[in-house]
Amino acid sequence: MSGVRILMVTHDDQEAELIEVALAQAARPWQLARCTDSRALLPGLLSRHTLPPHLVLLEQNMPFLDGYDVLGQLRAQSALVDLPVVLLSNSSHESDLARAFSLGADEYLVKEQSFPALMGQLTACLLRWEARLGDSERGAGSVA
């Protein structure tokens, strides 16, 4: 796989920069793009002029449309229903976790732990998805 395209959706510049640096240090062929306005995400993903991401890192707490709203919109689109989404949240409440998974989140990471611990979890999560995406691409078109 030449590189997993990751779209990070967050309005927090400082957090985004920390995540970008941490992912760059992971020395993986991940291509990271960023969307700062949750209202622009869906039109951008549905545009035929952009290469879609393999995975979305979605901040739960955003202005305008929160992560739950965005996740619901993504899952309502047949073209995006299978797009892996990792929800990043400050909340570890079971009700928030349940809501995220009921709306179709593939992973849920809590940010209230230390930054190094979060980056370790995020890197592990991305490696799992990179492996899954690689397996699905290798399986595409194969004859059983």
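Computation of the quantities below employed the complete heavy-atom set of this structure, encompassing side-chain atoms and omitting hydrogens, waters and symmetry-equivalent molecules.
Screening residues 35-45 for side-chain hydrogen bond (donor to acceptor under 3.5 Å, both in side chains) gives Asp37-Arg39 as the qualifying pairs, with residues at least two apart or on separate chains.
Ion pairing of Glu107 with Arg128 is present here, as a side-chain N (NZ or NE/NH1/NH2) and a carboxylate O approach within less than 4.0 Å.
Smallest separation of non-hydrogen atoms from Thr10 and Glu15: OG1-OE2, 3.9 Å. Nearest heavy atoms, Val70 versus Leu41: CG1-CD2, 3.3 Å. Heavy atoms only, all atoms of each residue included: Ala16 and Met8 are closest at O-CE, 3.7 Å. Nearest heavy atom pair, residue Arg75 against residue Gly104, reads NH2-O, 2.8 Å. Of all the heavy atoms in Leu45 and Pro53, the pair that sits closest is CD2-CD, 3.4 Å. The two residues Gly67 and Met62 make their nearest non-hydrogen contact at N-CE, 4.1 Å.
Counting heavy atoms from C-beta outward, Val110 and Leu97 have side chains that stay 4.5 Å or more apart. Using a 4.5 Å cut-off on side-chain heavy atoms (C-beta onward), Gln60 and Asp96 make no contact.
Side chains of Ser95 and His93: no donor on one and acceptor on the other come within 3.5 Å.
Between Leu58 atom CG and Leu88 atom CG the span is 7.5 Å, to the nearest 0.5 Å. Note that the CG atom of Leu55 and the CZ atom of Arg5 stand 11.0 Å from one another [nearest 0.5 Å]. With rounding to the nearest 0.5 Å, the separation of CG in Asn61 from CG in Asp12 is 9.5 Å. Leu74 contributes atom CG, which lies 11.0 Å from atom CG of Asp69 (distance to the nearest 0.5 angstrom).
Under the 4.5 Å side-chain contact rule for hydrophobic residues, Leu18 and Val86 share a cluster. With hydrophobic clusters built from ILVMFWY side chains whose heavy atoms lie under 4.5 angstrom apart, Val21 does not share a cluster with Ile19.
Applying the side chain to side chain contact (heavy atoms under 4.5 Å, CB included) test to Leu103 and every residue at least two apart in sequence or in another chain returns Tyr68, Leu71, Arg99. Taking Ser89 as the reference, Tyr108 meet the side chain to side chain donor-acceptor pair (under 3.5 Å) condition, with sequence neighbours excluded.
Side chain of Asp106 to main chain of Val85: a donor-acceptor pair is present (N/O by atom type, distance under 3.5 Å, no hydrogens or angles).
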